[in-house]
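Report on the structure given below.
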Amino acid sequence: LHLSIRRQRQMCIRDRFSRELLQSSIDNMSQGITVIDNNQRLVAWNKRCIELFEYPENLFYVGNPIAELVRFNAQQEKLSEQQVAERINEQLEKYTSQQSYVYKRISVTQQVIEVRVEPIPSKGHVITYTDITSYQLMVDALKESNETLEQRVSQRTTQLTNINHRLGVAKSQAEAANQSLSLIHI
């Protein structure tokens, strides 16, 4: 009996250490993470998730319906109650589909967040949130640069076409003048 109690204590200590190690690991990731169960309730999360979206801490507790986070996000966007309800229904439908998907969100602080939803075997989901603002700014700048370059190429092509046309006219006039001069010399 005495060994059994000691073994249980050791197992409790080991389990607590494992939970603390896991929580410490996910809290130190640069990505935000939430894990929801098959009932679409929060099971786990990290601090980065709360920071990225400036969530109130009271939204995060084991068992809180993910719909409450979706509601908070939609309300931050100043949507009507009907739009909020639609957003919640749309999001919850996606969670029941058990398919992976990725989308971008703009946070309240104007950060571009890539949201990646992956189903897990227990019919829940792991959701990661990555701040891709710098990447998106670079993509936008590259796109703008390409558009500017395309405009410049188009303008230059038009200029060269006009110059070629004028050269063609000048060449025709020169050939006509040469032909006239050769007729005079005959």
Side-chain angles (χ1 to χ4, degrees), residues 5 7-144 147:
I5 293 172
R7 183 175 288 150
Q8 285 179 346
R9 282 184 185 158
Q10 287 174 341
M11 288 175 55
C12 284
I13 291 169
R14 193 176 11 199
D15 287 348
R16 185 175 26 192
F17 174 77
S18 294
R19 281 193 308 273
E20 288 172 358
L21 181 62
L22 178 61
Q23 187 64 48
S24 177
S25 297
I26 65 172
D27 278 343
N28 285 296
M29 294 179 67
S30 61
Q31 293 177 305
I33 297 174
T34 53
V35 180
I36 59 174
D37 65 14
N38 62 334
N39 295 315
Q40 299 173 352
R41 295 183 178 277
L42 277 173
V43 176
W45 59 90
N46 69 354
K47 292 176 187 172
R48 184 68 177 137
C49 175
I50 296 169
E51 292 167 357
L52 279 172
F53 296 105
E54 296 186 358
Y55 285 126
E57 297 234 5
N58 65 349
L59 278 179
F60 285 84
Y61 58 90
V62 172
N64 188 25
I66 194 70
E68 293 305 311
L69 296 180
V70 177
R71 176 183 311 284
F72 178 83
N73 290 336
Q75 289 171 337
Q76 294 298 105
E77 294 177 34
K78 309 282 191 238
L79 300 179
S80 71
E81 279 305 310
Q82 179 182 348
Q83 291 171 314
V84 169
E86 288 171 2
R87 174 77 58 84
I88 292 169
N89 290 335
E90 176 185 301
Q91 198 66 49
L92 296 182
E93 275 182 37
K94 286 182 179 181
Y95 291 142
T96 58
S97 74
Q98 283 295 295
Q99 293 186 6
S100 299
Y101 60 98
V102 178
Y103 63 96
K104 292 179 189 174
R105 267 196 70 218
I106 307 297
S107 73
V108 178
T109 58
Q110 299 303 303
Q111 293 170 290
V112 180
I113 308 295
E114 178 186 77
V115 180
R116 188 173 291 274
V117 181
E118 297 292 338
I120 54 178
S122 65
K123 304 273 191 236
H125 289 84
V126 172
I127 308 165
T128 58
Y129 311 91
T130 307
D131 182 352
I132 60 167
T133 305
S134 297
Y135 171 77
Q136 191 63 51
L137 289 172
M138 184 178 64
V139 167
D140 293 347
L142 184 59
K143 190 180 205 181
E144 184 179 323
E147 288 170 0

**Study point:** ring pair (Phe, Tyr, Trp, His ring centres under 6.0 Å) involving Tyr95 - partner list, sequence neighbours excluded
**Key:** His125
Check your understanding: Do the non-hydrogen side-chain atoms of Gln99 and Val117 ever get within less than 4.5 Å of each other?
Key -> no
Check your understanding: Yes or no on side-chain contact (heavy atoms from CB on, under 4.5 Å) for Leu69 and Trp45, after CA distance, side-chain angles and deciding distance?
Key -> CA-CA 12 Å; Leu69 296 180; Trp45 59 90; over 6 Å; no
Using atom types as modelled, flag every donor-acceptor pair under 3.5 Å from a side chain in residues 48-57 to any protein atom, sequence neighbours excluded.
from, atom 1, to, atom 2, distance (Å)
Arg48, NE, Ser30, O, 3.0
Tyr55, OH, Asn73, OD1, 3.1
Tyr55, OH, Asn73, ND2, 2.9

Point to revise | Asn38 to Ser122 - nearest heavy-atom pair and separation | key: CB-O, 3.5 Å
Revision key, fill the gap. When rounded to the nearest 0.5 Å, the distance separating OG1 of Thr133 from CE of Met138 is 12.5 Å
**Study point:** Intermediate values then yes/no, side-chain contact (heavy atoms from CB on, under 4.5 Å), Val112 and Ile106
**Key:** CA-CA 5 Å; Val112 180; Ile106 307 297; 3.7 Å; yes
Study note, to complete from the structure: Residue set satisfying side-chain hydrogen bond (donor to acceptor under 3.5 Å, both in side chains) with Thr109, at least two apart, ordered chain then number -> Ser107, Gln111
Practice item. Would you please name every residue forming a salt bridge (charged side-chain N to carboxylate O under 4.0 Å, His left out) with Glu77, sequence neighbours left out? Key: Arg87
Exercise for review: Output all residues satisfying side-chain hydrogen bond (donor to acceptor under 3.5 Å, both in side chains) with Tyr61, sequence neighbours left out; order by chain, then residue number.
Suggested key: Asn64
Check your understanding: Do you know the tightest heavy-atom contact between Pro119 and Gln98?
Key -> CB-OE1, 3.3 Å
Practice item. Would you check if the side chain of Asp37 reaches a backbone N or O of Asn39 as a donor-acceptor pair within less than 3.5 Å? Key: yes
Check your understanding: Tell me the salt bridge (charged side-chain N to carboxylate O under 4.0 Å, His left out) pairs involving residues 128-143, sequence neighbours left out?
Key -> none
Practice item. Please identify each residue that fulfils side-chain hydrogen bond (donor to acceptor under 3.5 Å, both in side chains) with Gln31, with sequence neighbours left out. Key: Thr130
Revision key, fill the gap. By side-chain contact (heavy atoms from CB on, under 4.5 Å), Val35 pairs with (sequence neighbours left out) Ile33, Val43, Ala44, Ile120, Val126
Exercise for review: Take Thr34 and Phe60 through the test side-chain contact (heavy atoms from CB on, under 4.5 Å) and record every step on the way to the result.
Suggested key: CA-CA 10 Å; Thr34 53; Phe60 285 84; 4.2 Å; yes
Study note, to complete from the structure: Closest non-hydrogen atoms of Ala74 and Val84, given as atom of the first, atom of the second and distance, are CB-CG2, 3.9 Å
Exercise for review: Sorted by first residue and then second, give each salt bridge (charged side-chain N to carboxylate O under 4.0 Å, His left out) pair with at least one member in residues 108-126; sequence neighbours left out.
Suggested key: Glu114-Arg116
Practice item. Search all heavy atoms of Gly32 against all heavy atoms of Asn46 and return the closest pair with its distance. Key: CA-OD1, 3.4 Å
Practice item. Please examine the side chains of Ile66 and Leu92, heavy atoms only from C-beta on, and report whether any two atoms are closer than 4.5 Å. Key: yes
Check your understanding: How long is the gap from CD on Glu68 to CG on Asn58, to the nearest 0.5 Å?
Key -> 10.5 Å
Review point. Quick one: does Lys104's side chain get under 4.5 Å of Ile113's, heavy atoms only?
Key: no
**Study point:** Partner residues of Tyr135 under the side-chain hydrogen bond (donor to acceptor under 3.5 Å, both in side chains) criterion, sequence neighbours left out
**Key:** none
Study note, to complete from the structure: side-chain contact (heavy atoms from CB on, under 4.5 Å) filter on Gln82, not counting sequence neighbours, yields Ser80, Glu86
